Amino acid sequence: MSYPALLSLWIGVEEGQLPTRVQVSNRWTRDFPPNASIVLVGSRGSGKRSLGFIGATHLGRRLITEDHYFQEITGISRGEFLRKYGNQEFYRRNVSVLREMLEKNRTGCIIECGMGSLASEAQKAIFEYSKLNPVIYVVRESERIRRLLNLDEKDAFRLEKGDLSHRSCSNLEYYNLYDSSCDGMNSDDNGSPNVASRLKYAKEDFSSFLDFVTGQRFARYAYESPFSIAALPPECRSFTYALSIRLSSIPELELEELEAGADAVQLKIDTFLPDFQKTIAKQVATIRRKLGVPIIYYIEENMFEGTEYSASDKEDTYFKVLEYGLRLGVEYIVVDLNYQSDRVIRLVQCSGNSKVIGHYMMYENNSRGWDDESRMLQYRKAKSLGCNLVRFVRRTSDEGDNKTVRTFLKNIESIPDHLPVIAYNIGEFGRPSLIENRIFTPVTHPIMLSTVSLSKIRQFLPTAAEAMEALYQKSVLNPLHFYHLGISVFYSLSPAMHSAAYRACGMNNNFQSLQVFSLEDIHRLCQQSNFGGAAITQPFKVEILSIVTAISSHAKAIGAVNTLLPLRTLPDNRPPNSSTESLLRQASKRNVSGTVCGYYGDNTDFIGILNCLRRNTTPRNVVQPSKTTGLVIGAGGMARAAIYAMIQLGCRKIFLHNRTIENAEKVATHFNFWAAGLSSDGQVVRVLTSNKVPWPSGFNFPTMIISCVPAISVGAEAPANFEMPTQWLGSSTGGVVVDASYLPLDTPLLRQIRRVREATKQAWVIVDGLEVLPEQAIAQFELMTGRRAPKRQMRQEVRQNYHRYEA
Ligand SMILES: O=C1C[C@@](O)(C(=O)O)C[C@@H](O)[C@@H]1O
């Protein structure tokens, strides 16, 4: 393939029709000041407005749209302006308004650029802006844009060509993958064709992309919940796995089925495909949506096989493809350190929040072994070039190499402040070193084994579960006991979910429900050295606070714990304390038994509720702090978590109703003290003392309703059988109703809402307890084990097993 032909493949248009302004070069550092405004550019129909809305809500920023800004400044819409003043004046004004909009809003905003961004003067301004601010080029499947805007071939081509020019004024790129949830077809319970859970996947994907761009990922989590896997980058956790997937094989794979056990996906760019950039962007977006793990972006050595261009063309292309990975915001980018050092340095300089893995591939016949001093020199070179991690891979047929690689790694570890190093052998004798390697061991997946084209990889790569099993066999990890503890624990689905997750991940643990009557009972069980963690349930979620050494900021704010973890005496004998640093150290030593000398408490109930609210809130009911009203029923640990989830979503007017009013008052006082600064009158939570009264005047009807009372009797307590006074269901835009209890699934409240929805045709979205339960358990599994949960399996387990428990 010739170089121009390659280039045309690369940017996705015919040869001879390359837009002149398209160029890819390293002009950005992608290091942005904190809170820098984020600009969205892209063609009409690419979905910028919805993403802008999602981003502004997620980051708590102001959304500015160019069209609206133009009208605010000039007093008339762009269309009117054009008609009134003609082309030239419109062009001039358009650019000056855009410049002003950007300059006056350097921080704290999400700025959506409209059609104005196609003008070349406007692009110059945006390009200048992109040196200090993230400018995200939003791309979408051309065919979809064509259909959305109802364009004929010619117009579509013109639009696409113009759109490509956005690449030269942006420093990041986001592929807006089609979101099937906006069809409103995938749940029976979506209240109306108004697409109840609209854009739920896009919300998750884009929010996570923005967390990456703003660099918020780890620091915030480390402070808030140091045991969450989001608190520690994978290279700081012990034993992480990277599932290897070739770009060309993705269309053959059911990606969702590949989730178990991998901490990252290594996307191998193995071949040039038509419309190359968009293809890569689409597959990166697909991996993110379906697997939700960080991406390691790696260009395979054989990518250039069959091409005829010179070494320098090859090098240029290699770095362009890498630079494109940086635009897509991949978490890790692998660079072969045999390329010229100045190019590597330039890549590192513009890598922003992506981490650079310096890579050395060694073959037995042309390189010396692990014990040769050149390995150390290579490590030093990687460090001096600014790489964040270093990877050494050796293809070998000598078992002895597994021993020498161990010594090499030990030597590296003895260097103070050494970089994280990945080192293993490949080939049929390399397996022991793959098992022992601690960071991003390449793995395959059982379902990939059936694919003939992948069988070669399979010859030596373990699956993540096999690698884990081997660690248990070698006693590097220890089998641990996990519990579900409370007074009424017999009907729980937690043991089934957690056990399924252990099986999927190759972990040799067990999980058991046990009835306990006091904190002493809990303490006795959890003192054993093989105690791994416990799901705490009623009536101990609040009481348990008295025995923990440290808690997450969430559990503290909620005033309840549903996840108890052991704090151990570590080899350095320093007693654990509540500092983030001490807790992160504990978190990096999970899955190993040892003396328990304290407990850490966290809360995942709020995560379960938060996820369900986020997914199921319709666009018309997106939280507006000054208007949105929430209602929580109950005053136990789950009700506290529900209030906290609503506050996290920005809701500042929350009503609480409970049979025993004193308990509700206690909860309200707790939150009003904690959240005093969040509302102008210091009152975020108000108690409704009776359900016989009309909804309080001056407040909108609730659009988020969460019931946290059991629908069956617990101990001597009769079931609450709560139903809403009909007058309280006055929201004309409907809302979301969550019932956190799942026994029975069809609670009186949910039955009532179904009837109301049928009668009024209002868009009430129903979320039952079986949707909340796995969400909290997924987060709990991750806190307990430090491993990514096999989410699909855990969710499936619940749906499959539920009928047994109901019976
Ligand atoms: O409240 C619940 C439900 C639960 O107790 C169960 O029934 O499995 C498990 C707990 O982790 C959670 O907080």
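For clarity, every value in this text was computed on a predicted model and none was experimentally measured. In each ligand, atom 1 is the first atom listed, and ligand 1 is the first ligand listed.
- Regarding atom 13 (O) of ligand 1, its nearest protein heavy-atom neighbour is Asp605 OD1, 2.7 Å.
- Residue-ligand proximity, Asn562 to ligand 1, at heavy-atom distances under 4.0 Å covers atoms 11 (O), 12 (C), 13 (O).
- Each of the atoms 1 (O), 2 (C), 12 (C), 13 (O) of ligand 1 lies under 4.0 Å from some heavy atom of Lys541.
- In terms of protein heavy-atom proximity, atom 3 (C) of ligand 1 is closest to Leu773 CD1, 3.9 Å.
- Proximity to Gln780 (heavy-atom distance under 4.0 Å) selects the following atoms of ligand 1: 11 (O).
- If you number the atoms of ligand 1 from 1 as listed, the ones under 4.0 Å from a heavy atom of Thr537 come out as 1 (O), 5 (O).
- A heavy-atom distance below 4.5 Å is found between the side chains of Leu688 and Trp695.
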#### Entry: Derivation and outcome, salt bridge (charged side-chain N to carboxylate O under 4.0 Å, His left out), residues Arg754 and Asp746
CA-CA 10 Å; Arg754 276 196 198 93; Asp746 199 23; 2.9 Å; yes
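- Under the side chain to side chain donor-acceptor pair (under 3.5 Å) criterion, Arg787 pairs with Asp263, not counting sequence neighbours.
- Counting protein heavy atoms only, atom 4 (C) of ligand 1 is closest to His484 NE2, 3.5 Å.
- Every atom of ligand 1 is numbered from 1 in the order shown, and the set under 4.0 Å from a heavy atom of Ser494 is 6 (C), 8 (O), 9 (C).
- The distance from ligand 1 to the heavy atoms of Ala535 drops below 4.0 Å at these ligand atoms: 11 (O).
- Looking at Phe781 and Cys505, their side chains come closer than 4.5 Å, going by heavy atoms from C-beta outward.
- Listed by atom number, the atoms of ligand 1 under 4.0 Å from Gln776 heavy atoms are 9 (C), 10 (C), 11 (O), 12 (C), 13 (O).
- Counting the atoms of ligand 1 from 1 in the order shown, those under 4.0 Å from a heavy atom of Met638 are 1 (O).
- Under 3.5 Å, the side chains of His498 and Asn509 contain no donor-acceptor pair of N or O atoms.
- For Asp602, there are no salt bridge (Lys or Arg N to Asp or Glu O under 4.0 Å) partners at least two apart in sequence or on another chain.
- Using a 4.0 angstrom heavy-atom cutoff, Tyr742 counts as in contact with ligand 1.
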### Task
Walk me through it: do Glu775 and Arg614 pass the test salt bridge (charged side-chain N to carboxylate O under 4.0 Å, His left out)?
CA-CA 12 Å; Glu775 297 306 312; Arg614 276 205 183 117; over 6 Å; no
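- Counted by atom type alone, Asn478 and Ser593 present one or more donor-acceptor pairs between their side chains at under 3.5 Å.
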